[in-house]
2 protein chains.
Amino acid sequence: MPVTSAFSDTDRHLADALKALAHPARLTIVRLLANRDECVCGEIVDDLPLAQSTVSQHLKALKEAGLVRGTVEGRSTCYCLDPEAMAAVKEAIDGLFDGLFLSAPNDNCC
Amino acid sequence: MPVTSAFSDTDRHLADALKALAHPARLTIVRLLANRDECVCGEIVDDLPLAQSTVSQHLKALKEAGLVRGTVEGRSTCYCLDPEAMAAVKEAIDGLFDGLFLSAPNDNCC
DNA sequence: ATCGCATATCGTCGATATACGATAAGTCCC
DNA sequence: GGGACTTATCGTATATCGACGATATGCGAT
């Protein structure tokens, strides 16, 4: 790791969030959590074509990125999205894309 | 690649796009390209704290994800965002986040 | 206390990502 | 053609990812 800083905290943070989302299994999990009114416990494993331990790792990745919260609920664990974190990511992404469409029609070059 | 399918093409495609964006250097590059009316040639390397070959690899990653176009322009190469591809990614991300805010106030559990 | 279930963690493996320097490939100018 | 410049690619080293099975942990029921 050759001097990992050199980029802004903001960019590193956004990159981490994007990395957390950048996997089909984790996208599926996020969608699953988003489309529920209730928190989801065990069903996540059943809905993915992956081993239980693998799903647990993906959930851990999402938790570490702060996008998902998990609370122990009896003998199982209950997951739901962190709405604020997700909103923050959406904000950051929107910010990224903002300048875009002003300069879109400049196809004089490429 | 242990049976990579099992997820939808859509999700794999979105995951690839997110992965392409999920690095501070590539975020920086995208922002750089977004904030320009003109295409950018050599200056990208100067604006990043990375070796020229590394930057070239990041640009290649963005090109392979279809987010960036590069055309040889004289003795240098000219890069710009692909507005349609970026718009498509934004669409896909918005779709991901859409269901979110209806079910946000369900914090009865987590 | 013990059994059974749900989840987490560990250890491991192959694949991929990230970085660099060195070198190739292309273009312009002389 | 020969040099100077810009970008791409190669080779390589290290780190991280993604998957799995095996095992640990925690809880509820018996």
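The chains referred to below are lettered A, B, ... by the order of the sequence lines, with proteins before strands, and numbering in each begins at 1.
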Using atom types as modelled and distance alone, determine if a side-chain donor or acceptor of B:R26 lies under 3.5 Å from a backbone N or O of B:K19.
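Yes, B:R26 side chain to B:K19 backbone: donor-acceptor pair under 3.5 Å.
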
Taking the side chain from A:T28 and the backbone from A:P24, do they hold a donor-acceptor pair closer than 3.5 Å?
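Such a contact is found between A:T28 side chain and A:P24 backbone.
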
Any side-chain N or O of B:H23 below 4.0 angstrom from OP1/OP2 of C:dA19?
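The answer is yes; a side-chain N or O of B:H23 sits under 4.0 Å from OP1 or OP2.
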
Between A:H58 and D:dC17, does any side-chain N or O lie under 4.0 Å from OP1 or OP2?
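No, outside the criterion.
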
Testing the basics here: between [X] and [Y], what is the closest heavy-atom pair and its distance to 0.1 Å?
X: A:K63; Y: A:V68; value: CG-O, 3.4 Å
X: B:R12; Y: B:F7; value: NE-O, 3.5 Å
X: B:L33; Y: B:C80; value: CD1-C, 4.1 Å
X: B:V30; Y: B:L81; value: O-CD1, 4.0 Å

Per nearest nucleotide of DNA chain C, the residue lying toward the 5' end, A:G42 or A:K19, is A:G42

To the nearest Å, how far apart are [X] [atom1] and [N] [atom2]?
X: B:I29; N: D:dT7; atom1: CD1; atom2: P; result: 13 Å
X: B:R26; N: C:dT16; atom1: CZ; atom2: C1'; result: 12 Å
X: B:L21; N: C:dT18; atom1: CG; atom2: P; result: 12 Å
X: B:L48; N: C:dC20; atom1: CG; atom2: P; result: 11 Å
X: A:R69; N: C:dT7; atom1: CZ; atom2: C1'; result: 19 Å
X: A:E64; N: D:dG18; atom1: CD; atom2: C1'; result: 14 Å
X: A:D46; N: C:dA6; atom1: CG; atom2: C1'; result: 11 Å

Inter-residue atom distance A:I29.CD1 - A:L67.CG, 0.5 Å rounding
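Atom-to-atom, A:I29:CD1 and A:L67:CG are 11.5 Å apart.
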
Nucleotide by nucleotide, 5' to 3', does protein get under 4.0 Å of the base (B), only the sugar-phosphate (S), or neither (-) in nucleotides 25-30 of chain C, counting heavy atoms?
--SS--

Residue closer to the 5' end of DNA chain D, A:L50 versus B:V45 (nearest nucleotide)
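In this pair, the answer is B:V45.
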
Parallel, tilted or perpendicular: ring planes of A:H23 versus A:H58, cut at 30 and 60 degrees
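Taking A:H58 first and then A:H23, their aromatic rings sit tilted (interplane angle of 30° to 60°).
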
Collect all protein-nucleotide pairs involving nucleotides 8-14 of chain C in which both atoms are nitrogen or oxygen and the distance is under 3.5 Å.
residue, atom, partner, partner atom, Å
C:dA8, OP1, A:Y79, OH, 2.3
C:dA8, OP2, A:S56, OG, 3.2
C:dA8, OP2, A:Y79, OH, 3.2
C:dA8, N7, A:Q52, NE2, 2.8
C:dA8, N6, A:Q52, OE1, 3.0

Please assess B:R36 against B:E43 for the test salt bridge (charged side-chain N to carboxylate O under 4.0 Å, His left out), listing each intermediate value before the final yes or no.
CA-CA 12 Å; B:R36 295 280 182 135; B:E43 308 140 44; 3.0 Å; yes

